[in-house]
Amino acid sequence: LALTAGAECIFICEGVARFFIVGFTTVLVGGAVIWWGCRDKSEKEFVSKLINDQNFASALLEIDRALYLNPNLFLNHPTIYVNKLKCYTGLKEYEKGIMQYETIFPDSVKNDYKVLCTIAHMYGLINNDDAAISKYEQAIKYLPKSNIISPYGELAILYASQGDWNNAE
């Protein structure tokens, strides 16, 4: 049985009535949810709005909810993980974000260019320049050819702050 939200609806899951919100698609087999995900951009736009409004705690809650409901849906979508790191940065919980990256983030997103640049920035914020340099260098390996954002400037600043003028050039 497949339900596609076009309005609010209620369904029975494991004998309990569940409320279903507009904008999501859920597939039910025998009363168990086996697939959940955003039907449109509304959820991503909502998280982006929360981040832009500097409501990082609420954005982090929405991200964690989405990841909890179906982590497999986001295995190849690093943007949600970049947004999670942005939330930790906004909350000034740099170490917590770094720990999440190191221990919980799926391997499929750990080597994404944007994730690496974001985590490198966080390492720089806690004055762990060696780790930041390492992550920026790793990001360079995955740099998309058409990308206008580059870690080279950040890397040069970190090298210069350490007095390594040869690598800063």
Side-chain angles (χ1 to χ4, degrees), residues 4-9 18-26 33 35-129 131-158 161:
T4 301
E8 298 170 347
C9 63
R18 305 283 184 189
F19 189 68
F20 190 75
I21 301 172
V22 176
F24 296 93
T25 302
T26 302
V33 175
W35 190 88
W36 173 93
C38 295
R39 188 178 71 141
D40 54 27
K41 294 182 184 179
S42 62
E43 181 72 9
K44 289 193 294 187
E45 289 172 357
F46 180 61
V47 169
S48 294
K49 180 190 180 328
L50 290 172
I51 291 171
N52 289 337
D53 291 345
Q54 297 183 8
N55 192 346
F56 302 113
S58 295
L60 191 56
L61 182 65
E62 290 294 321
I63 290 167
D64 284 342
R65 180 181 58 81
L67 290 171
Y68 173 78
L69 290 173
N70 193 342
N72 294 330
L73 184 65
F74 300 103
L75 286 178
N76 295 314
H77 298 285
T79 302
I80 194 166
Y81 295 96
V82 170
N83 285 338
K84 188 169 188 166
L85 293 174
K86 286 179 185 179
C87 291
Y88 283 120
T89 300
L91 294 168
K92 297 186 181 355
E93 294 180 2
Y94 314 116
E95 292 89 354
K96 190 171 182 179
I98 291 168
M99 182 62 71
Q100 290 262 318
Y101 167 81
E102 296 292 345
T103 61
I104 296 174
F105 279 30
D107 292 336
S108 59
V109 300
K110 281 187 177 180
N111 288 327
D112 177 78
Y113 165 76
K114 289 179 183 178
V115 171
L116 287 166
C117 285
T118 306
I119 201 70
H121 177 72
M122 292 175 79
Y123 273 119
L125 291 171
I126 62 169
N127 297 316
N128 188 342
D129 292 346
I133 288 169
S134 174
K135 292 299 179 186
Y136 278 125
E137 288 175 342
Q138 193 177 353
I140 289 170
K141 294 177 188 174
Y142 298 101
L143 180 67
K145 296 190 185 315
S146 64
N147 203 325
I148 60 170
I149 300 171
S150 170
Y152 290 110
E154 296 289 333
L155 197 52
I157 291 167
L158 286 166
S161 72

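Heads up: numbering here begins at 1 and tracks the sequence. Values in this document were obtained by computation on a predicted structure and should not be read as measured data.
- The only member of Met99, Glu93, Glu95 that meets side-chain contact (heavy atoms from CB on, under 4.5 Å) when paired with Tyr88 is Glu93.
- Residues satisfying the side chain to side chain contact (heavy atoms under 4.5 Å, CB included) criterion with Ser108, sequence neighbours excluded, are Leu75, Asn76, Pro106.
- Nearest approach of Ala57 to Leu91, heavy atoms of both residues: N-CD2, 4.0 Å.
- Rounding to the nearest 0.5 Å gives a distance of 11.0 Å between CZ of Phe46 and CD1 of Ile51.
- Listed here is the closest heavy atom pair of Ala132 and Ala120: CB-O, 3.3 Å.
- Going from atom CG of Asp64 over to atom CD of Gln100 covers 6.5 Å, rounded to the nearest 0.5 Å.
- Residues that satisfy the side chain to side chain donor-acceptor pair (under 3.5 Å) test with Ser134, not counting sequence neighbours, are absent from this structure.
- Here Phe105 pairs with Tyr81, Tyr101 under the ring-ring contact (aromatic ring centres under 6.0 Å, His included) rule; sequence neighbours left out.
- In this structure Lys49 satisfies the side chain to side chain contact (heavy atoms under 4.5 Å, CB included) test together with Asp53, sequence neighbours excluded.
- In this structure, the side chain to side chain contact (heavy atoms under 4.5 Å, CB included) partners of Leu125, at least two apart in sequence or on a different chain, are Thr89, Tyr94, His121.
- Partners of Glu62 according to the side chain to side chain donor-acceptor pair (under 3.5 Å) rule, which considers only residues two or more places apart in sequence or in another chain, are Arg65.
- The closest side-chain heavy-atom distance from Ile119 to Tyr123 is below 4.5 Å.
- If you take NZ on Lys96 and CG on Leu60, they are separated by 7.0 Å, rounding to the nearest 0.5 Å.
- A side-chain contact (heavy atoms from CB on, under 4.5 Å) with Pro78 is found for exactly one of Asn111, Asp112, Asn83, namely Asp112.
- Here Met122 contributes atom CE and Cys117 contributes atom SG; the two are 13.5 Å apart, rounded to the nearest 0.5 Å.
- Looking only at side-chain heavy atoms (C-beta outward), Lys141 and Leu116 stay at 4.5 Å or farther from each other.
- You'll find the side chain of Ile98 reaches within 4.5 Å of the side chain of Ile126, heavy atoms only.
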